[in-house]
Amino acid sequence: MQPEVYAWEFDIPVARPSLWAFVSDTERLNRLAGVFPVHYQYRPLDTGGSEVVAEARAAGMLLRWVERPCEWVEPEYFRFTRDYSKGPFVRLVSEVRLRDGDRPGTTKLTHTITVTPRHFMGRVLARVAIGVQTRAGFARAYALAPQWAAGQELPAIGSERLPPRGFAARELRRVLVPLAHRLGSPALAEHLSHHLLAKPDSELDSLAPYVLAGEWQVERRPLLRLFLHATKAGLFDLQYHLICPSCRRSKASVASLADLREHGHCPSCNIRFGVDFDRAVEVRFSPRPLGVGEEAAEYCHAGPRNTPHRVAGWNFEPGHSRQVETVLGAGRHQFVSPQAGSVYFDVVDEPDAPREAALTLATDGLSGAPERVRAGVVRFAVDSRFGVPAELMIARARWADDAVTVAELTALQEFRELFGSELLAPGAEFSIQNMVFLFTDLVGSTAMYERLGDAAAFGLVRRHFDLLADIYSQHGGALVKTIGDAIMAVFRRGDDAFRAALAMHAKIPGLREAEGGAGLALRIGLHRGPCIAMTANDRIDYFGTTVNTAARVQGVAGGHEVALSPAMLELPEVRAALAETKLPARTEELRLKGLAGRHAISIVQVPPSA
């Protein structure tokens, strides 16, 4: 039968970039429009990627279809295609297109659905279900865009009705509110309580603290602390989500670090990936102990906002060529094709950089990709030489920084204290691309034991450990272990570690062997780089060349000095923190014990009163 076309146009008083963020979140948009939930399965393809098979029930009918990859160019349009094997339709294509409105700050949105009925009854159903019901549902959803853009909460419409939450409200008052007061963050308890009681289950299945901090415009770390303590108090469950490096979506979750394995699998991307702690495992929190946040139904598996790092995506019929274009901002990007592989390229603000290129997708890879293109509108002539459908996507290489990773969590002293039993599986090794290590050593401790005797000297060493614990905890670090009278601590940020080192030098001289005697002194070394995390001696420990180098860097520092490796000074935030101190520093080419060559170590002198 001939296709039928349903097209609706809306004038929406929201600027196009903001409206794109609203409508391209098709998972939420479909819920708001009252569209039925969908169950998805993935069939791996030998040529790369997976075929997405979807199934749903609507008006008592079973619908089954193959969901073709979404096509989109932000912030212009997105298009879904469904090829049905069961139900009243043969094919349905839904396209949403945005263009600037006649007045500034407005957008014209055109929503077009083209449906091919399977039979006469299918044509009748299309006119009712799509021409009337679907149009009304999306009209209600699009009408909420101005409210959303203004930062206001959306009402519960469509399938978003809220269940009673009396138990959750009582537990939040009984446990969360007093807990937040003890932590000095009562306002965060108000934010979190309101979120848990006012949002639909679809937005509460797994809570990401840093995402919420961004929405509420509050500091990240205090909110994470509140989540950790509330979890210990029984309000939340910890979740460790495995993140696919291609689509960057959660593909599985486990409830314990011991359940993590060194490799993961993404069924939709049809790839196997190594599990590193910088990106591949994200920590979230489930409020199911409160009776909210039951696993929500899925409404759209591949809308643009599900993979916000992807700028655009196009489909190619077997053996076809096509001209495509998009707008790219400066930065590192990546061409990605499940069939032909991936290639990185840079988008630069340089007038001599090209804005066009000819790409070929073939079994031997993706060829013709330029090393750089000019920022702005770029055009690509793409030739697909596959005998099967193929895809090409453009993705931003940079990862978002709104995830709490395992690398960060295990570098927090509060996590190690609250969840000391959370250990990695015996023998499992997980890579971390960047961790900052701080080593200290107490100057003259051997002579101090001889002067004071073992008991008195050991008591002083313990007091010095307690003082250091306050400092690395306050600066976002964690103790890995003590080694005699030395400590090994970890941080995620280099400037946090450097400031902790300065605070240690400022405080430790206050500890004295005797009244009026000389104060204690430290030597401190800082280094950063990749390492391996694993369980050793009933704690999460770190191993590798970076750890060994950090210990050697500490060894070249003198009393009241901080030794910084070149890797530390590569960080702009560390250089800025060092410049703020105005402390004298020198750089020396030194040999580090057990390491080849000479190393340019910067040594910062910290007067005891600093």
Side-chain angles (χ1 to χ4, degrees), residues 24-27 38-55 66-72 80 205-206 208 211 239-255 257 259-284 295-315 333-344 361 365-366 386 388-400 402-407 425 428 430-433:
S24 64
D25 187 350
T26 51
E27 173 76 18
V38 181
H39 175 68
Y40 294 99
Q41 291 182 314
Y42 304 98
R43 295 175 180 168
L45 298 173
D46 293 338
T47 53
S50 296
E51 183 176 72
V52 182
V53 181
E55 194 172 276
V66 173
E67 185 98 12
R68 303 303 177 191
C70 178
E71 284 200 329
W72 78 96
F80 293 96
D205 179 40
S206 60
V211 173
Q239 298 175 328
Y240 300 96
H241 287 255
L242 269 65
I243 307 300
C244 169
S246 180
C247 64
R248 302 187 188 175
R249 297 184 67 188
S250 171
K251 295 304 172 182
S253 68
V254 297
L257 287 176
D259 295 328
L260 289 174
R261 295 299 176 259
E262 296 170 49
H263 290 88
H265 176 256
C266 177
S268 57
C269 296
N270 190 19
I271 63 170
R272 190 168 181 262
F273 56 91
V275 175
D276 68 75
F277 278 178
D278 293 271
R279 295 173 176 171
V281 187
E282 180 180 345
V283 182
R284 301 178 191 169
E295 187 170 356
E298 195 170 3
Y299 288 80
C300 185
H301 96 107
R305 290 296 293 177
N306 285 349
T307 53
H309 65 296
R310 291 176 177 169
V311 180
W314 303 277
N315 301 329
H333 286 70
Q334 184 182 22
F335 291 114
V336 180
S337 170
Q339 296 75 31
S342 63
V343 176
Y344 285 96
L361 309 180
L366 193 161
F386 284 97
V388 296
E391 299 170 64
L392 177 67
M393 294 164 282
I394 296 179
R396 302 177 185 91
R398 182 178 180 181
W399 284 62
D402 56 3
V404 179
T405 64
V406 171
F430 296 91
S431 64
I432 299 177
Q433 292 304 309

Taking all atoms of both residues into account, what is the closest heavy-atom pair of [X] and [Y], and its distance?
X: A397; Y: Y344; value: CB-CE2, 3.8 Å
X: A302; Y: R249; value: N-NH1, 4.5 Å
X: G48; Y: Q339; value: O-NE2, 3.6 Å
X: S50; Y: P267; value: OG-O, 2.6 Å
X: M393; Y: G313; value: CG-CA, 3.9 Å
X: T405; Y: F277; value: CB-O, 3.4 Å

Backbone N/O of [Y] and side chain of [X]: donor-acceptor pair under 3.5 Å:
X: R396; Y: P308; value: yes
X: H309; Y: S246; value: yes
X: R248; Y: R310; value: no
X: E27; Y: C300; value: yes
X: S337; Y: E391; value: yes
X: E71; Y: N315; value: yes

| Hey, are the side chains of L361 and F335 touching, using non-hydrogen atoms and a 4.5 Å cut-off? | no
| field | Criterion side chain to side chain contact (heavy atoms under 4.5 Å, CB included) on S206 and S253, from CA distance to verdict | value | CA-CA 10 Å; S206 60; S253 68; over 6 Å; no
| message | Between I243 and S250, does the side chain to side chain contact (heavy atoms under 4.5 Å, CB included) criterion hold? Intermediate values first, please. | response | CA-CA 5 Å; I243 307 300; S250 171; 4.1 Å; yes
| said: Run the side chain to side chain contact (heavy atoms under 4.5 Å, CB included) test on T26 and F80 for me, step by step, so that the C-alpha distance in whole Å, both residues' side-chain angles and the decisive distance to 0.1 Å come before the verdict. | reply: CA-CA 11 Å; T26 51; F80 293 96; 3.8 Å; yes
| query | How far does CD of E262 sit from CZ of F273, to the nearest 0.5 angstrom? | reply | 13.5 Å
| remark: In this structure, CD1 of I394 is separated from OG of S342 (nearest 0.5 Å) by 13.0 Å
| said: Taking CZ in R284 as the centre, count heavy atoms belonging to other residues, nucleotides or ligands within less than 6.0 Å. Is the count above 12? | reply: yes
| Full working for side chain to side chain contact (heavy atoms under 4.5 Å, CB included) between Y42 and N270 | CA-CA 9 Å; Y42 304 98; N270 190 19; over 6 Å; no
